[in-house]
There are 2 protein chains.
Amino acid sequence: MSDKKLTLNDIARLSGVGKSTVSLVINNSEKVKKATREHVEAIIKQYGYTPSKAAQALRSQREKIIGVVVTRLDSASENRAIRAILPHIYQQEYDAILMESLLDPKLLEGHLHVLEQRNVEGVILFGFSGVNKKIIKNWKNKLVLIASALPDFASVIYDNAGAVKLLMEKMKNDGHRNVSYIGVTSNDITTGSTRYQTYLTYCEKFGYRPTAALGDLSYQSGYDLAKEILTPETSALICASDTIALGAIKYIKEQGWEIKVGSIGSTPLMTFLQPDVISVRLGYQEAGLKASQLLMDMLRGEKTHEHVIIPCAIQ
Amino acid sequence: MSDKKLTLNDIARLSGVGKSTVSLVINNSEKVKKATREHVEAIIKQYGYTPSKAAQALRSQREKIIGVVVTRLDSASENRAIRAILPHIYQQEYDAILMESLLDPKLLEGHLHVLEQRNVEGVILFGFSGVNKKIIKNWKNKLVLIASALPDFASVIYDNAGAVKLLMEKMKNDGHRNVSYIGVTSNDITTGSTRYQTYLTYCEKFGYRPTAALGDLSYQSGYDLAKEILTPETSALICASDTIALGAIKYIKEQGWEIKVGSIGSTPLMTFLQPDVISVRLGYQEAGLKASQLLMDMLRGEKTHEHVIIPCAIQ
DNA sequence: CTGTTAGCGCCTTCAA
DNA sequence: TTGAAGGCGCTAACAG
């Protein structure tokens, strides 16, 4: 533990081979005799040698770092995705730089600029409405979008339409005929409008009269919009997120109404506080893992861009 | 944007000076004539040159990376601290590697090992009961503990005693004589026992009969322990965290009781859902910022270790 | 105060 | 299949 760092040179001397042989071993090249490789690997393990990232980066001109830009660190959904992303990245011997966009395109642009300057190899970006092709144009083939999609860029998106469909069908099967909706406009256009449109589509299909309101992702917005659109006749409510649902439920309880609530997210908090809410889980962990796998494939040149949809399910 | 990266050499040529002069300018050395420095800086800005991290690291043998190990990514309190830490680290031209210990000493040990191998310069570690001197012994003078303290290591801790004191005094002033307590054992010994002990101390001081239970930080634990110790006679309850409080409140509401709840944390969720809860904010952001400032000072050799207590306040 | 020089640890030709 | 040599971009002596 106290010995100074060993170098590739030391390992070469200790195992009686040349530097380049050791280098080949490290990089899993096929061009080393099996006996030699095993001997060198034994020495490496014995002395606990690890190649210097700095030297590798300098020599190869690649930094082995992935930038991860979330919209909010305290978003429960993004948190779960990050939990899958970080270990996967570390496991691939990459480092991760985590940043927060706060849904601000200017801030995002700054972050991407920093990442570019640091020679970061790839980026995983949680989308929002301010993300456009221009901002990320320098990252073709080395950026994966999560939760929103853009032509020519890889993306992993949630099955927003499927989630609303599940909820609408469930409500219908449970006999609800008066189903309202509270969603979002501002977060991510795709997410927001897909969910809303799907709600409208199913209203029409089922012959329901749509009653909807759109706001932001906060508890307060859920509360305010609930006050605006709910009536004693409302029998069910679908919310675009758990935070909105918690806000709406607060209002519903204050009124003493009985309204069945369905929500997209399925956070532990919701499951605990309101177990009778119908929760759809979008698959955040799966999305995170998928995104980092996809990015790694792209960096290896095994894929260009690709669009993945993560399936959802009622909890 | 499309030009290949400039090197220090290019800048030297372009500004008609030697490489080392440029190096000195980059590193803000005092030993450069003002005119020369300004000229070189102008060229640097004009061409948008940024020094190669890899080369700097290789040459100087320092990686300019800080490891940040939280207990849980989805902890609201740690989240707020991270929000202060990351920007501060990036701003100092450092990178941050974020990891999650999940309160598991083995996992933490693995993470610290990885960080050591990557030549990470310093670590900010969110403490829990499994953290001991042995695990972090290799990090003397380059590690700052948050939320717990250990001799010979720098730490930034919350004013746990002060928080409970504030709550107890407030309850007393509001006329409550039957004040229960729900806390934690498992998370962090210091945090858990300090808060509990302070509760006991003030019970004695005020002549109250203590009624307390200790569990973990989950909603469920709060709920279960509430069921265990609360009675219709209980007039107030102090909870060691917002999550516990939310669990306890659920039980209280189910019983239809009127119990004044005080809690430590002051998360937006709590403020929204239960505005009448008395919340003490511990100063997470301040703690995060303080910790990274302290670490930077230590890395610069300006400080060795130091213990900082962040003041708390009723929201 | 500024230029010259010699590596930091590794990967990549090029020979052998 | 393996060894030797050169250089990635930068910093830190040491001269001037």
Side-chain angles (χ1 to χ4, degrees), chain A residues 3-41 43-44 47-65 93-95 116-121, chain B residues 3-44 47-65 93-95 116-121 300:
Chain A
D3 31 346
K4 60 203 168 302
K5 277 253 182 254
L6 290 173
T7 76
L8 177 147
N9 237 321
D10 300 322
I11 299 297
R13 240 185 322 96
L14 286 166
S15 44
V17 301
K19 297 161 52 172
S20 55
T21 308
V22 180
S23 177
L24 290 177
V25 170
I26 291 172
N27 297 294
N28 297 312
S29 165
E30 306 299 318
K31 326 167 73 174
V32 186
K33 215 193 317 180
K34 201 169 163 218
T36 318
R37 127 157 294 124
E38 279 167 359
H39 176 227
V40 173
E41 277 172 347
I43 300 281
I44 288 179
Y47 287 86
Y49 161 74
T50 6
S52 145
K53 295 268 173 208
Q56 288 181 318
L58 175 57
R59 184 59 241 235
S60 65
Q61 305 286 38
R62 333 185 313 150
E63 279 283 356
K64 297 267 264 177
I65 299 180
E93 304 268 71
Y94 274 71
D95 282 344
E116 208 173 332
Q117 294 203 148
R118 302 218 175 172
N119 271 310
V120 162
E121 277 193 59
Chain B
D3 31 344
K4 59 199 170 306
K5 277 249 181 261
L6 289 173
T7 75
L8 177 146
N9 234 321
D10 300 324
I11 299 298
R13 241 186 319 98
L14 286 166
S15 43
V17 302
K19 296 163 54 172
S20 58
T21 307
V22 179
S23 178
L24 290 176
V25 170
I26 290 171
N27 298 293
N28 297 311
S29 164
E30 306 299 318
K31 324 166 74 174
V32 185
K33 214 196 311 180
K34 201 164 164 227
T36 318
R37 126 157 295 122
E38 279 167 358
H39 176 226
V40 174
E41 278 172 345
I43 300 281
I44 288 179
Y47 288 86
Y49 161 74
T50 7
S52 146
K53 295 269 173 205
Q56 288 180 317
L58 176 57
R59 183 60 243 227
S60 65
Q61 306 287 35
R62 328 187 318 148
E63 279 284 358
K64 296 269 261 177
I65 298 181
E93 305 268 71
Y94 274 72
D95 282 344
E116 208 174 333
Q117 292 203 149
R118 302 219 174 170
N119 270 312
V120 161
E121 277 192 60
R300 274 193 295 269

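Only a predicted model underlies this, so the values are computations on that prediction, with no experimental measurement involved. The figures here come from the full heavy-atom set of this structure, side chains too, leaving out hydrogens, waters and symmetry mates. Letters go in sequence order (proteins before strands), and every chain restarts at 1.
Of the candidate nucleotides dA4(D), dT2(D), dG9(D), dA4(D) has the atom lying nearest to any side-chain atom of Ser20(A).
Atom CZ in Arg37(B) sits 12.5 Å away from atom NZ in Lys31(B) (nearest 0.5 Å). Rounding to the nearest 0.5 Å gives a distance of 10.5 Å between CG of Leu24(A) and OG1 of Thr36(A). Distance check, rounded to the nearest 0.5 Å: CD of Glu93(B) to NZ of Lys53(B) gives 4.5 Å. Atom-to-atom distance recorded for Arg62(A):CZ and Gln56(A):CD is 9.5 Å, nearest 0.5 angstrom. The line from CG of Leu8(A) to CZ of Arg13(A) is 11.0 Å long, rounded to the nearest 0.5 Å. Going from atom CG of Asn27(B) over to atom OG of Ser20(B) covers 11.5 Å, rounded to the nearest 0.5 Å.
Of all heavy-atom pairs spanning Tyr94(A) and Ile65(A), the tightest one is CD2-N, 3.7 Å. Taking every heavy atom of both residues into account, Ser15(B) and His39(B) meet most closely at O-CE1, 3.1 Å. Between Leu14(A) and Tyr47(A), the closest heavy-atom pair is CD2-OH, 3.7 Å. Nearest heavy atom pair, residue Asp10(B) against residue Thr7(B), reads OD2-N, 2.8 Å.
Using a distance-only test at 3.5 Å, with no hydrogens or angles considered, a donor-acceptor pair links the side chain of Glu121(A) to the main chain of Lys64(A).
In this structure, Leu8(A) reaches the sugar-phosphate backbone alone: every heavy-atom distance under 4.0 Å involves primed, P, OP1 or OP2 atoms, never a base.
Between the CZ atom of Arg59(A) and the P atom of dG9(D) there is a distance of 10 Å, given to the nearest Å. One atom, NZ of Lys31(B), and another, P of dT11(D), lie 14 Å apart when rounded to the nearest Å. Taking atom NZ of residue Lys53(B) and atom C1' of nucleotide dG9(D), one finds them 14 Å apart after rounding to whole Å. Atom CG in Asn27(B) sits roughly 5 Å away from atom P in dT11(D) (whole-Å rounding). With rounding to whole Å, Leu24(A) atom CG is found 10 Å from dG3(D) atom P. The NZ-C1' distance, from Lys19(A) to dT1(D), rounds to 18 Å in whole Å. With rounding to whole Å, Arg62(B) atom CZ is found 11 Å from dT11(D) atom P.
Residue Gln56(B) places no side-chain N or O under 4.0 Å from the OP1 or OP2 atom of dG9(D). Dashed line: the shortest gap from a side-chain N or O of Gln61(A) to OP1 or OP2 of dG9(D) is under 4.0 Å.
Heavy-atom distances to DNA chain C give each of Thr7(A) and Val17(B) a nearest nucleotide, and the one nearer the 5′ end belongs to Val17(B). Both Thr21(B) and Val22(A) lie close to DNA chain C; mapped to their nearest nucleotides by heavy-atom distance, the more 5′-ward contact belongs to Thr21(B).
Defining each end axis of the helix from dC1(C)-dG16(D) to dA16(C)-dT1(D) as the rotation carrying four pairs' C1' atoms onto the next four, with five pairs an end, the two axes are found to diverge by 40° to 10 degrees.
Looking at residues 32-40 of chain B, you'll see Val32(B), Lys33(B), Thr36(B) sit with a heavy atom under 4.0 Å from some atom of DNA chain C.
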Step-by-step side-chain contact (heavy atoms from CB on, under 4.5 Å) determination, Glu63(A) to Val120(A): CA-CA 6 Å; Glu63(A) 279 283 356; Val120(A) 162; 6.0 Å; no

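Along DNA chain C, the stretch of nucleotides lying under 4.0 Å from any heavy atom of chain B spans, 5' to 3', dC1(C) to dG9(C).
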